[in-house]
Amino acid sequence: MTDHLIKGAAVLGGEPSDVLIRDGRIAELGAVGSIEASDAEVYDATGLVLLPGLVDLHTHLREPGREDAETVASGSRAAALGGYTAVCAMANTDPVADTAGVVEQVWSLGRDAGLVEVQPIGAVTVGLAGERLAELGAMATSAAKVRIFSDDGHCVSDPRLMRRALEYVKAFDGVIAQHAEEPMLTVGAQMHEGAMSAKLGLAGWPAVAEEAIIARDVLLAGHVGSRLHVCHVSTAGSVEILRWAKSKGWRVTAEVCPHHLLLTDELAESYDPVYKVNPPLRTEEDVLALQQGLAEGVIDVVATDHAPHTVEDKECEWAQARPGMLGLQTALSIVIKTMVEPGLLDWAGVAERCSITPATIAGLTGQGQLPHVGAPANLTLVDPNETWTVNGSELAGPSRNTPYDGMTFPGVVRATFFGGRPTVLDGKLVKESI
Ligand SMILES: NC(=O)N[C@@H](CC(=O)O)C(=O)O
């Protein structure tokens, strides 16, 4: 394996340093010019910020079943280009990832693609139907070593089943990641329930449908003493409930998606389904509360909810369109725009929310480590001073459903190292790694 010498990178935005990567790990870390490595390939990282490789807790890779929208390999390419070195693959595939066989399939496809660590998430219930617990133990002890379980896309709405799931995974320190949506309150829902939905005549998805489930589930998690993770938190009220749950010392974590940190329900006025997503884009007040919650750590992590859909499933009438947006290649830029530029997070905070804490939640021990000698070389180099304009047709993967097409953002991912190997250099996938 080739050695790599990264020169002049600002580690977490601090002093420029040199980093020597050897045999997949950081072998030396020191002041600029202090490391001698004549046989190493040199990467000039002057002006770049070095972060631990990003870790996504919420990625839809669509394989098996909807390879026309994304595959494990194409999603891995998008992830590497976005600065990720690990992604957790959601279970709503076809067939559903509710058995050891399917999670092992996804896990081995990820290993074959070899661009990021692909950690499968297992379904909580058989077929995501919300009726019977899936084989949680078999998935946990499979080669995929599933740690997080989620029916994402569907809520585990039966409180008795939710309690049983929390009790079951407690034995092996597993996590139940809930898609918080009380289904009886979102029948036919198309967008956030508020002034804009009334104006557009679209059925609303009220904030209380999310908040009611989060309130119930934090109480259940506290009661059982088990680990709950709340997916894609989208309302100001949810942040308040999480703040309260954390003050009780309950084992509750939560994620926010980049789109909920930036976009609002006003965009639905275009009737362009690219803005249709679950949970829906909310109000400016919600956006500000989510940013604040992330800054304070009430919301622990940023997760993309990368949800590729084909042109047929997205470029149609709003009501027929599937919910979901691409996210892997734009996430870091949106975090920089919404959190770093306004001074809500510094680079250490970005590392915490986008890498270290997600790796801890997912139990990915080789990921999310602050750069230090001996650490696995999973690293991202980003140029914070460069901007780029999103071009949907140039994104990795077959899907095009980005809400950011034509928008200009700060922060260009220049290089990603996965297990000591560059997957991205100069902003492009490294040929040998494809
Ligand atoms: N987040 C989304 O809008 N879509 C998700 C599933 C879901 O949560 O509905 C998808 O799988 O496409």
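Position 1 is the first residue of the sequence, and the numbers go up from there. All ligand and atom numbering here is 1-based and tracks the order in the structure.
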### Message
Atom NZ of residue position Lys145 - does it have more than 12 heavy atoms of other residues, nucleotides or ligands inside 6.0 Å?
### Response
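No, the 6.0 Å shell around NZ holds no more than 12 heavy atoms from other groups.
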Nearest protein heavy-atom contact for [atom]: which residue, which atom, what distance?
atom	result
atom 4 (N) of ligand 1	Pro323 O, 3.1 Å
atom 3 (O) of ligand 1	Asn278 N, 2.8 Å
atom 12 (O) of ligand 1	Arg62 NH2, 2.7 Å
atom 6 (C) of ligand 1	Gly153 CA, 3.7 Å
atom 8 (O) of ligand 1	His179 CE1, 3.2 Å

With heavy-atom distances below 4.0 Å as the criterion, list the atoms of ligand 1 near [X].
X	result
Val277	3 (O)
Gly324	2 (C), 3 (O), 4 (N)
His309	12 (O)

State, without any angle test, whether [X] and [Y] hold a side-chain donor-acceptor pair at a distance under 3.5 Å.
X	Y	value
His60	Asp152	yes
Thr283	Thr264	no
Thr85	Gln367	yes
Thr253	His229	yes

Is the closest basic N to carboxylate O distance between [X] and [Y] below 4.0 Å?
X	Y	answer
Arg400	Glu315	no
Lys170	Glu167	no
Glu182	Arg216	no
Arg227	Asp173	yes

### Task
Say whether His60 and ligand 1 are in contact under the criterion: heavy-atom distance to a ligand atom below 4.0 Å.
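A heavy atom of His60 does come that close to ligand 1.
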### Task
Report yes or no: does Met90 have a heavy atom closer than 4.0 Å to ligand 1?
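So Met90 does not count as touching ligand 1.
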### Query
For Ala307, is at least one N or O under 3.5 Å away from an N or O on ligand 1?
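No; every N/O pair is 3.5 Å or more apart.
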### Query
Counting heavy atoms only, which part of Arg322 comes closer than 4.0 Å to ligand 1: side chain, backbone, both or neither?
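It is neither part, as no heavy atom is under 4.0 Å.
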### Query
Under a 4.0 Å heavy-atom limit, does Asp305 contact ligand 1 with its side chain, its backbone, both, or neither?
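Side chain only.
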